[in-house]
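For reference, the structure is listed below as structure tokens.
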Amino acid sequence: MTTKRKALPKGIAAGEFDKAIKELKTILGGENVVVDESRLAPYNKIMMPVPNEQHAPSAAITPDSVEQIQSVLKVLNKYKIPVYPISTGKNLGYGSAAPVQRGQIVMDLRRMNKIISVDPDLCTALVEPGVTYQQLYDYLQEKKLPLWFSCPAPSAIAGPLGNMVDRGVGYTPYGEHFLFSCGMEVVMANSEVLRTGMGSMPNSNTWQVFKWGYGPTLDGIFTQSNYGIVTKMGMWLMPAPPDFRPFSIQYPEETDITKIVEALRPLRIAMVIPNAVVIAHALWEAPCTPVKRADYYTGPGAIPDEAVARIRKDHNIGAWNVYAALYGTKETNDANWKIIEAVAAGTGGKIVTRENSTSKALDYRFDLMKGKPNLGEFGLYNWRGGGGSIWFAPVSQAKGSETLKQMKMAKDILAKYGFDYVGEFIVGWRDMHHVIDLLYDRSDEEQTRKANACYDELLHTFAKEGYGMYRANTAFAEKVAATYGPVKRSVEKKLKKALDPNNILAPGRCGISL
Amino acid sequence: MKCSSAFRYFATASALIVVGNANADSSGKWQNSQEIYNKVCAYCHEANVGPVITGRNLMPDYIKSVVRNGNRAMPAFRESEINEAALAGVVKLVSTSTAVAKK
Ligand SMILES: Cc1cc2nc3c(=O)[nH]c(=O)nc-3n(C[C@H](O)[C@H](O)[C@H](O)COP(=O)(O)OP(=O)(O)OC[C@H]3O[C@@H](n4cnc5c(N)ncnc54)[C@H](O)[C@@H]3O)c2cc1C
């Protein structure tokens, strides 16, 4: 069979590459080493506003064991060929399954998908990279285990390990996923296998219950980095509460964000509301309701506020829509519900529950707050059409004045390039992930160019004000890393040199490379 | 005092569960095409997010190409997620399906 191939790893001659591929085939079997361009297509489907070629892989490999990964790394070290590990590979809007740099080999761990253990007493799980949230959900259902996990919006097709290593977020009380992970197994570039925390100790049975171990806690350096290939992850599960009471509170004015944040922060910090509250703008809510943009505006540029007001009126959408839930017993929730009612009344918000809503947006949000997989949020992509998406995600203090300032800054810059402010705030304990989906039509060259320029301006304007990204797409990794200053980067580079001297693990990821 | 729901909240189930490979859905192996359709496709294509794809006599090659390449906002699916044999089953299911009743 002839193979058609275009991309090669940087600085590697075709002959050398072929030799390496041959050795990889011996280790993995021919069918698990993909070089044919048509079969590589799913590894090159991106939503970012840069050409596909910039992120084209040279090959994809699908090992199914730690031992295979160890052997593969020996070959890659020998040839100095870089590899980009993915788990479930659905990092949509952040780079999808494509490598950070053209020509890297994608190491796709989706086939390693065992749920190794679940401990219903300690409420923990140990999973491999290829496990999806749907699979874990099915497992817990089948076994009738009253345990919940937290998942991101694309839950059905994404997975806990890949999400956690990119420090993703979900919507239950365990929504800050890295915080609720406990113990990792990592294959290092030199093929050593490290177990973090208590896992380093032979015969330890506390790997999934105590994070820190002895000495430095290493887990953090394997998130948003390229220091190792994570092959197992422990995670904490939450006991399903006897009473789950999700709700939404709608607010009429964009400027209400100030009082919303001021009112909710104390409840969140004190854990009256224990989950990652979302404050979604009308233009996030609308596409997921669903509302068609073209029914309200077909002119050039960003949708005017006047059209947004009409949408809100026609579809009962708030300028801001708060999503949160109470988790507890009937007795505790009854007591806390009174607080919620008082806060809503005191701030001019309208409480919405499932009984008085027909919105699809409400349905998927309520499901996410109990960790039930769905893909409802993909409704966002019907707003502009054309499959272009890039997440702009600065961190904000949970203070009203800050959120309003960030919202205005973002909205102005987006409008300058003709894009709508489709944003939400995800409330951490004291921070907010201000997440904006920069939606554009990727089949339109002009819009794609503008989306790229717009992200660039957003990034640098926010950085000037001291606002940094919580996470970023692969096309802008270098620029985002640069906003965090030189010392951090120099330490990261030293670590890279020590742990991966041949620079074979995802060089360029989060701006780290030799 | 009667056994309240709070008791169940804090009660525990059983000892450590270690999964064997034989297990149904949670083994990570698709049971059949219908399961793939239900747990991947239907989340969008029967939820007003993506277009309805059943009952439209869509051409098998077209379905296959969209699954592997993605299409605008639709993500691409790799062989490691849905292998060639499994995809053939889904393609058959979708291309020969009659329209599903609206839920
Ligand atoms: C509509 C929509 C809504 C979204 N909502 C959310 C949301 O609510 N919360 C959220 O967090 N995200 C969200 N996302 C972004 C993204 O889709 C999810 O974060 C998703 O979980 C990431 O993909 P994944 O889980 O398949 O991880 P992967 O794609 O497998 O991994 C992500 C990255 O981590 C690294 N990596 C993966 N595995 C390994 C490994 N084993 N070793 C070392 N490095 C590794 C790689 O660099 C990889 O690119 C959303 C996307 C869309 C389109």
Side-chain angles (χ1 to χ4, degrees), chain A residues 34 38-39 41-45 47 60 62 88-90 92 96-97 108 110-111 113-121 130-132 134-136 138-139 142-146 154 156-157 239-243 290 329-331 360 373-376 378-382 385-387 389 442-443, chain B residues 3-31 35-51 64-85 87 103:
Chain A
V34 179
S38 66
R39 287 180 66 203
Y43 295 94
N44 198 205
K45 164 85 170 80
M47 306 179 92
T62 51
T88 35
K90 290 286 180 278
L92 310 168
S96 305
D108 178 353
R110 179 67 172 80
R111 294 199 313 134
N113 65 348
K114 278 199 270 311
I115 297 169
I116 297 162
S117 62
V118 170
D119 187 322
D121 298 324
V131 171
T132 62
Q134 177 74 54
Q135 186 186 340
L136 189 55
D138 290 343
Y139 177 98
E142 278 165 28
K143 302 268 185 293
K144 299 194 171 32
L145 293 174
I157 51 180
D243 191 58
T329 60
K330 183 174 177 313
E331 293 81 358
K360 291 253 179 219
N374 64 72
L375 296 176
F378 279 71
L380 284 174
Y381 300 116
N382 293 323
S389 163
R442 200 166 180 270
S443 66
Chain B
C3 176
S4 72
S5 55
F7 176 75
R8 258 178 290 129
Y9 185 34
F10 300 114
T12 50
S14 64
L16 184 75
I17 294 183
V18 178
V19 196
N21 271 338
N23 227 293
D25 297 335
S26 59
S27 71
K29 293 198 182 72
W30 298 115
Q31 281 190 309
E35 188 191 14
I36 302 177
Y37 181 82
N38 292 346
K39 292 182 180 170
V40 181
C41 320
Y43 276 121
C44 287
H45 293 286
E46 285 189 41
N48 262 326
V49 173
K64 194 175 161 193
S65 161
V66 171
V67 170
R68 290 287 183 234
N69 294 284
N71 184 17
R72 289 175 296 210
M74 174 169 152
F77 291 87
R78 316 180 302 276
E79 288 175 36
S80 59
E81 297 170 278
I82 303 171
N83 68 25
E84 287 290 273
L87 178 56
K103 275 185 220 131

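Convention: sequence-line order gives letters A, B, ...; per-chain numbering from 1. Every heavy atom of this structure was used, including side-chain atoms; hydrogens, water molecules and symmetry mates were not.
A side-chain N or O of B/Ser80 and one of A/Asp108 form a donor-acceptor pair less than 3.5 Å apart. Neither side chain, A/Gln134 nor A/Tyr139, offers a donor N or O lying under 3.5 Å from an acceptor on the other.
Top candidate by heavy-atom pairs under 4.5 Å with chain B, chosen from A/Ala60, A/Gly385, A/Ala156, is A/Ala156. For the set A/Gly89, A/Ser96, A/Ser389, A/Pro154, the entry with the most heavy-atom pairs within less than 4.5 Å of chain B is A/Gly89. Most heavy-atom pairs under 4.5 Å with chain B: of the set A/Val131, A/Leu380, A/Ile157, this distinction falls to A/Ile157. The candidate from A/Gly379, A/Ala41, A/Gly386 with the greatest count of non-hydrogen atom pairs under 4.5 Å with chain B is A/Gly386. Contact tally against chain A (heavy-atom pairs below 4.5 Å) for B/Arg78, B/Arg72, B/Arg68: the top residue is B/Arg78.
Heavy-atom distances place no part of A/Ser443 under 4.5 Å from chain B, backbone and side chain included. For A/Ala97, the part lying under 4.5 angstrom from a heavy atom of chain B is the side chain only. Residue contact with chain B, scored on non-hydrogen atoms closer than 4.5 Å, involves the backbone and the side chain of A/Pro373 alike. The part of A/Thr88 that comes within reach of chain B is its backbone (N, CA, C, O), which places non-hydrogen atoms under 4.5 angstrom from that chain. Heavy atoms closer than 4.5 Å to chain A are found in both the backbone and the side chain of B/Glu81. B/Asn83 does not touch chain A: none of its heavy atoms, backbone or side chain, sits under 4.5 Å away.
A cation-pi arrangement is present between A/Lys90 and B/Phe77 under the rule of less than 6.0 angstrom and at most 45 degrees off the ring axis.
In this structure, A/Asn113 contributes its side chain and A/Thr132 its backbone to no donor-acceptor pair below 3.5 Å. Of the possible polar contacts, one joining the A/Arg110 side chain to the A/Gly130 backbone as a donor-acceptor pair under 3.5 Å is found. With hydrogens and angles ignored, the 3.5 Å screen pairs no side-chain donor or acceptor of B/Asn71 with any backbone N or O of B/Val66. A distance-only check finds a donor-acceptor pair linking the side chain of A/Arg111 to the backbone of A/Thr62 [under 3.5 Å].
Under the 4.0 Å criterion applied to side-chain N and carboxylate O atoms, B/Lys64 and B/Glu84 are assigned as salt-bridge partners.
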